[in-house]
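Presented below is the structure to which this report refers.
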There are 2 protein chains.
Amino acid sequence: MKLTAKARYAVMAITDIAVSSKNGGAVSLSDISVRQAISLAFLEQLFGKLRKAGLVDSERGALGGYKLAGAPAKIHIGAVMRAVEEEIQTKRCGDTGIGCTIKGAKCLSHDLWQAMEDHIEGFLDAISIQDVIDQRFPQICPELVTNGLTANEMAAAE
Amino acid sequence: MKLTAKARYAVMAITDIAVSSKNGGAVSLSDISVRQAISLAFLEQLFGKLRKAGLVDSERGALGGYKLAGAPAKIHIGAVMRAVEEEIQTKRCGDTGIGCTIKGAKCLSHDLWQAMEDHIEGFLDAISIQDVIDQRFPQICPELVTNGLTANEMAAAE
DNA sequence: ACTAATTCCGACTAAATAGGTCAAGTATTA
DNA sequence: TAATACTTGACCTATTTAGTCGGAATTAGT
């Protein structure tokens, strides 16, 4: 899961469809291109992947375009981002062992990166297109539990 | 806050100091270089920034090296990563307005990226070097609150 | 049938970034 | 005084990013 501009454009574009579609009709990429200021050629590249991932359906020909494959509340940001970025998990410490495996043992920070990735992924998978439209996002969890103390308690203990 | 290999190396190296230091003595970069399989030249680059950020103290001369500026429990991963990556927040949607501001209004996904960044930053700031050594990481918060429903409740409601 | 609008597909590319290296020092101490 | 260690900044290079380009296939309206 990469957090790049490409992934952001994909979310913007697919959100645009949810907002702009009339009666569930198809929305053309040229319309999205104008509204979101993203080049048509780049949108074509993105929507090829979104279609293959089953997130949108296409209608070819004149008056064609794309429509969401499901309800906005059922399409999650994480899925959109994974669709347009080929590598699900990139360059994770330990894939090669270089700089991670020391005499056969996992490095201390290996699990840290895994926990971080899980956290980011969990966050993005918890948000649907509908949530974005409604501007409804998860707040930071106030009780990040580490060894029985909350983050706030740990800060106070310092 | 960028999540690159450079930032990971910095965390690995600073964790190495916490683990390898004898009686709080300085640890040389050449030792870290060997143990963590990171080039000495690259470590020098990283520790220059860590020192300026006040996360480590240096001792020059023979038998010199670096030591942590504070207790491992007081140095947090987020601070380490911010120290080695110059831009705190990069490429955020809306900095230029291109592809974000449409007729003067913020794009729908603008706040999404902000919420995501806050979430990642909160996660990393909650973890100290000591936590990494003890392999103690925050679990995914089971109650991601969005509009009063937890993530689980929302999934069930779909 | 013809035309215009649109998706589909793969190759290509310019610019930026990541991830380093190298050279030439300066400071400290065994 | 030699060895070790830190300091600084310029430089380098492969990869990734963020696209473009050209053309083919498909469909709706005239």
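Computed from heavy atoms alone, side chains included, the values below leave out hydrogens, waters and symmetry copies. Please read these numbers as outputs of a predicted model, since none were measured by experiment. By convention in this document, chain letters (A, B, ...) are assigned in the order of the sequence lines, proteins followed by strands, and residues within each chain are numbered from 1.
- If you measure from atom CG of A:Leu43 to atom C1' of C:dC9, you get 16 Å, rounded to the nearest angstrom.
- At whole-Å resolution of the value, CG in B:Leu40 and C1' in C:dG19 are 15 Å apart.
- For C:dA5, neither phosphate oxygen OP1 nor OP2 lies less than 4.0 angstrom from any side-chain nitrogen or oxygen of A:Ser28.
- Between the NZ atom of B:Lys6 and the P atom of D:dT15 there is a distance of 18 Å, given to the nearest Å.
- Looking only at side-chain heavy atoms (C-beta outward), A:Leu3 and A:Glu85 stay at 4.5 Å or farther from each other.
- Using bins of under 30°, 30° to 60° and over 60° for the plane-to-plane angle, the ring pair B:Tyr9/B:Phe42 lands in the perpendicular bin.
- Side-chain contact check for B:Thr15 versus A:Leu112: every heavy-atom pair is 4.5 Å or farther apart.
- Take A:Arg60 and apply the side chain to side chain contact (heavy atoms under 4.5 Å, CB included) test, not counting sequence neighbours, and it matches no residue.
- Contacts classified as side chain to side chain donor-acceptor pair (under 3.5 Å) and involving residues 38-49 of chain A (residues at least two apart or in different chains) are given here: A:Lys49-A:Glu86.
- For the pair A:Leu68 and A:Leu55, the minimum side-chain heavy-atom distance is 4.5 Å or more.
- Going from atom CG of A:Leu29 over to atom C1' of D:dT20 covers 16 Å, rounded to whole Å.
- Residue B:Ser30 has its side chain nearest to D:dA5 when only C:dA18, D:dA18, D:dA5 are considered.
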Listed pairs, N/O of protein and of nucleotides 12-15 of chain C, under 3.5 Å:
none

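- Here the P atom of nucleotide C:dT7 and the NZ atom of A:Lys49 are 18 Å apart, to the nearest Å.
- Put simply, the side chain of B:Tyr66 does not reach to within 4.5 Å of the side chain of B:Leu43, judged on heavy atoms.
- Contact check, B:Ser39 against C:dG19: no side-chain N or O comes under 4.0 Å of OP1 or OP2.
- Looking at A:Asp118 and B:Phe137, their side chains never come closer than 4.5 Å, going by heavy atoms from C-beta outward.
- For the salt bridge (Lys or Arg N to Asp or Glu O under 4.0 Å) test, no residue two or more places apart in sequence or in another chain qualifies with A:Asp31.
- The nearest whole Å value for the distance from the CE atom in A:Met12 to the C1' atom in D:dA18 is 14 Å.
- For the pair B:His119/A:Ile120, no side-chain contact is recorded, criterion being any heavy-atom separation below 4.5 Å from C-beta on.
- Across the protein-nucleic acid pair, A:Glu85 atom CD and D:dT17 atom P stand 6 Å apart, rounded to whole Å.
- The shortest side-chain heavy-atom distance between A:Asp125 and A:Arg82 falls under the 4.5 Å cut-off.
- Within residues 59-69 of chain B, the residues that place at least one heavy atom under 4.0 Å from DNA chain D are, in residue-number order, B:Glu59, B:Arg60, B:Gly61, B:Ala62, B:Leu63, B:Gly64, B:Gly65, B:Tyr66.
- With rounding to whole Å, B:Phe42 atom CZ is found 10 Å from C:dA18 atom P.
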Give me, pair by pair, the N or O atoms of the protein and of nucleotides 8-11 of chain D that are less than 3.5 Å apart, along with how far apart they are.
residue: D:dT8; atom: OP2; partner: B:Arg51; partner atom: NH2; Å: 3.4

